[in-house]
Amino acid sequence: MHELSIAASIVESVAEAAGKYPGARVKVVRLRLGALAAVVEDSLQFCWELSTAGTPLAGAALAIRTLRVIVHCDGCGMETELDGVQSFRCLKCGELTADLRQGRELEIESIELEEPDKIEEGVEGQI
Amino acid sequence: MTTRIVELRRGILKKNDELAAGLRTRFTSAGVLVLNLVSSPGTGKTAFLERTLRELQARGARAAALVGDLETDNDARRLGASGAPVRQINTHGICHLDAEMIAKHLDGWAGVSLADLHYLFIENVGNLVCPSSYDLGERIRVALLSVTEGEDKPLKYPGLFNSADAAVITKIDIAGPCGFDRELALRNINEIRPGIRVFETSAKTGAGMEDWFAYLAAQAKPS
Ligand SMILES: Nc1nc2c(ncn2[C@@H]2O[C@H](COP(=O)(O)OP(=O)(O)O)[C@@H](O)[C@H]2O)c(=O)[nH]1
Ligand SMILES: [Mg+2]
Ligand SMILES: [Zn+2]
């Protein structure tokens with residue numbers, strides 16, 4: 001159950017980033033997870049709710065984008081996106097390759113904040 | 001209300017990765033080869049390490065081990081019998097070791113100085129999933145698999161096997177009775193991590209250990 005540790009790390013990063021925008025509420029946290037990242041999505045969603053309950057992040061959605069494995073083939077120089085994680089072969093020439101170009105990501109891509117509209121100082125008087 | 005998108009592009013485990021990078025630098029400058037051993041519970045990590053530590057000591061190499069378990073210091077006591085310095089890390093429910101635990105247990109490890117060691121082995125918590133995301137600053141990650149576990153383990157846990165630098169098949173002394181299909185296991189390992197070095201060993205009889213020691217010696221040589 002390392003999803004709990006992962007969720008806790010996300011909470012920490014997001015709280016820190018959102019802290020720079022006082023008054024803002026975090027609506028969505030977007031993640032990029034490689035197919036090899038060994039994270040179970042349902043389990044992470046569950047742990048996210050658990051970790052954010054009762055905090056300013058409560059109710060924020062976790063939007064997860066799963067990235068397929070991409071390997072580079074030394075034989076033909078091609079990069080191929082693989083369908084699964086059961087075999088690391090170039091789809092073009094069938095060669096096995098250990099040169100991974102995508103698939104291990106464990107990343108917070110962005111956060112979406114909702115901010116109260118600011119009433120700029122001095123603007124009121126001018127209208 | 002207005003919506004604002006803030007791009008972060010930040011590794012979720014950035015803190016661990018940074019700590020691990022610091023440890024790696026420390027290990028490199030101390031000239032100690034660090035290996036992280038990962039497998040299911042019961043694969044034979046402790047037995048394999050017992051034999052490894054004992055044998056390295058006998059050859060005059062200085063080796064030490066950190067051993068992670070949810071609870072108990074049984075493994076540390078087993079490994080300590082080799083005479084090598086061993087320290088237990090109890091994670092109390094956490095299913096993997098992380099870089100912070102390693103850093104904490106290196107500090108104040110009585111009588112152990114990294115610069116005096118040739119090898120530091122880290123036995124991770126028995127688990128094939130969670131440890132694969134946590135860099136411990138090791139130079140070599142070793143995935144272990146016993147002949148009793150089924151030849152398709154690498155296919156079931158590609159996240160770990162794909163991140164490994166070496167693989168060890170353990171308990172080959174009982175491969176026969178277990179109906180272990182060696183060719184299939186090797187093929188599956190190679191399918192997930194093409195070109196990886198594989199050692200076929202028995203901690204009980206010592207079979208296959210010579211290759212492993214030759215590999216360790218070659219890896220420990222300053223390049
Ligand atoms: N026959 C045989 N049994 C082994 C071997 N290595 C370990 N075992 C047994 O497998 C069980 C688990 O071993 P252990 O080293 O504690 O596994 P760990 O949980 O991965 O550390 C123990 O009962 C060991 O005696 C081996 O090479 N041959
Ligand atoms: Mg053990
Ligand atoms: Zn190709």
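Residue numbers begin at 1 in each chain, while the letters A, B, ... track the order of the sequences.
Using a 4.5 Å cut-off between heavy atoms, B/Y134 contacts chain A through its side chain alone, with no backbone atom that close. Proximity to chain A is limited to the side chain of B/K15, based on heavy atoms less than 4.5 angstrom apart. Interface remark: A/K20 contributes no atoms to any contact with chain B (heavy atom separation under 4.5 Å). At a 4.5 Å heavy-atom cutoff, B/D98 makes no contact with chain A through either its backbone or its side chain.
Considering only heavy-atom pairs separated by less than 4.5 Å from chain A, the leading option among B/G159, B/P194, B/S163, B/P131 is B/P194. Ranked by heavy-atom pairs shorter than 4.5 Å toward chain A, the options B/V6, B/L160, B/N188 are led by B/V6.
Distance check: B/T2 OG1 to A/E114 CD gives 8.5 Å after rounding to the nearest 0.5 Å.
Counting only heavy atoms from C-beta outward, the side chains of A/H2 and B/S133 approach each other to under 4.5 Å. Looking at heavy atoms from C-beta onward, B/I12 lies in side-chain contact with A/L33 at the 4.5 angstrom threshold. The shortest distance between side-chain heavy atoms of A/E16 and B/R10 falls below 4.5 Å. The shortest distance between side-chain heavy atoms of B/P158 and A/L36 falls below 4.5 Å.
Residue-environment remark: CD (A/E49) stays at or below the threshold of 12 foreign heavy atoms within 6.0 Å. Heavy-atom neighbours of B/D107 CG from other residues, nucleotides or ligands within 6.0 Å: above the threshold of 12.
Not counting sequence neighbours, the partners of B/E210 by the side-chain hydrogen bond (donor to acceptor under 3.5 Å, both in side chains) test are B/R59.
Nearest approach of B/I192 to A/Q86, heavy atoms of both residues: CD1-O, 3.5 Å. The nearest pair of heavy atoms linking A/D117 to B/M1 is OD2-N, 2.8 Å.
Within residues 95-110 of chain A, the residues having any heavy atom less than 4.5 Å from a heavy atom of chain B are, in residue-number order, A/L96, A/T97, A/A98, A/L100, A/R104, A/L106, A/E107, A/I108, A/E109, A/S110.
No donor-acceptor distance shorter than 3.5 angstrom exists from the side chain of B/E191 to the backbone of A/S87, with no hydrogens or angles considered.
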